[in-house]
Novice: 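Can you keep this structure in mind? I'll have questions shortly.
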Number of protein chains: 2
Amino acid sequence: MSSSHTEDPIELEQPCPIRDVLDRIGDQWSLLILEALALRTLRFNELHREIGDVSRQVLSRTLKRLENDGYISRTVYAEVPPRVEYALTGLGRSFLEPMQKLIQWAEDNHEAICRSRKQRQALREQVQ
Amino acid sequence: MSSSHTEDPIELEQPCPIRDVLDRIGDQWSLLILEALALRTLRFNELHREIGDVSRQVLSRTLKRLENDGYISRTVYAEVPPRVEYALTGLGRSFLEPMQKLIQWAEDNHEAICRSRKQRQALREQVQ
DNA sequence: CGGAATCCAACGTGATACTG
DNA sequence: CAGTATCACGTTGGATTCCG
């Protein structure tokens, strides 16, 4: 095989900015990572413990994407054992501002959404 | 067959509200639909034309999910030919408020993100 | 310690065809 | 007009294994 498929053919231009943003941080872990880093700079395994369920593999991929998009920075210290620190960039920090509003909304309205789902499900079961 | 697999085993309780919200509106079309309905009530095929690329199949599924979660309402008029109107609910409207902030952020910072990606890609190509 | 390579399963998306 | 059923496909997440 001539082409390794480790290099993703990254789409550099996206017509829709919000689509572009949601595609990246709308995944399972990105937001959790950003919030963890909002409190303080963390090393790889610290993040791993902090987040909990994520595999190292996925954590690594997600971090690379976030770094690529400029949300976080990655600093390698030439030590033994190696030390790598992840931190929010200015972009990452500024992103969390509007995002916090949305998070707040989600918390405030989560119950209403759950209620709506239960109602709908009850209706569906009646029909059957 | 005893069990039709049209009924999705919907997760009624989600531990993380924001995860729960993003999972629903973070897909390809939900947000576009909500924004279209923010301007005015629309019928199924009007929405279909408005959104553009989406297939009727996917549009239908997405609408059902949004209705399930209480973001939109679906009104059927007993006419011939049938008429079905979709509109934002109060929940849907209130959701768009914090969401608009995020959309604004995405538009403001989209260029910075694209720049960051290009830089990273240039670095990657140097390494190779 | 901090990853990368590989493989696989699950899910979302979409095309097509059919229905009330 | 407003959908649903079925199937195929690509992308993502995750487990496992190996490396500097």
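We name chains A, B, ... by the order of the sequence lines, and we start the count at 1 in each one. Only heavy atoms go into these numbers, but all of them, side chains included; no hydrogens, no water, no symmetry mates.
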Novice: Can you name the atoms? Protein N/O to nucleotides 13-20 of chain D N/O, anything below 3.5 Å, with the distance.
Specialist:
residue : atom : partner : partner atom : Å
dG13(D) : N7   : R61(A)  : NH2          : 3.3
dG14(D) : OP2  : W29(A)  : NE1          : 2.7
dG14(D) : N7   : R61(A)  : NH2          : 3.1
dA15(D) : N6   : Q57(A)  : NE2          : 3.0

Novice: Would the number of heavy atoms belonging to other residues, nucleotides or ligands and lying under 6.0 Å from CD of Q100(B) be above 12?
Specialist: yes
Novice: Tell me the interatomic distance from L22(A), atom CG, to dG12(C), atom P, rounded to whole angstroms.
Specialist: 16 Å
Novice: When you check the gap from the basic side-chain N to the acidic O, do R120(B) and D69(A) get nearer than 4.0 Å?
Specialist: no
Novice: Would you mind reading off the distance between F44(B) atom CZ and dA2(D) atom P, rounded to a whole angstrom?
Specialist: 8 Å
Novice: What nucleotide, of dG3(C), dC1(C), dC1(D), holds the atom closest to the side chain of P81(A)?
Specialist: dC1(C)
Novice: Between S30(B) and I25(B), which heavy-atom pair has the shortest distance, and what is it?
Specialist: CB-CA, 3.7 Å
Novice: Just how far, in rounded Å, is P of dC1(D) from CZ of R74(B)?
Specialist: 16 Å
Novice: Short question: side chain of E46(B), backbone of R43(B) - any donor-acceptor pair under 3.5 Å?
Specialist: yes
Novice: Any ion pair linking E85(A) and R83(A) (charged N to carboxylate O, less than 4.0 Å)?
Specialist: yes
Novice: Side-chain N or O of Y86(B) versus OP1/OP2 of dC1(D): is the shortest distance under 4.0 Å?
Specialist: no
Novice: Rounded to whole Å, please give me the gap between CD in E50(B) and P in dA2(D).
Specialist: 14 Å
Novice: Rounded to whole angstroms, how far apart are CG on L63(B) and P on dG3(D)?
Specialist: 7 Å
Novice: May I have the distance from R24(B) (atom CZ) to dT13(C) (atom P), rounded to whole angstrom?
Specialist: 12 Å
Novice: Can you find a side chain N or O atom of K64(B) that sits less than 4.0 Å from OP1 or OP2 on dT4(D)?
Specialist: yes
Novice: Rounded to whole Å, please give me the gap between CG in L59(B) and P in dA15(C).
Specialist: 13 Å
Novice: Between H48(B) (NE2) and dT13(C) (C1'), how many Å, whole number?
Specialist: 14 Å
Novice: So do the side chains of L37(A) and Y71(A) get within less than 4.5 Å of each other, counting heavy atoms only?
Specialist: no
Novice: Just wondering, are more than 12 heavy atoms of other shown residues or ligands nearer than 6.0 Å to CD in E111(B)?
Specialist: no
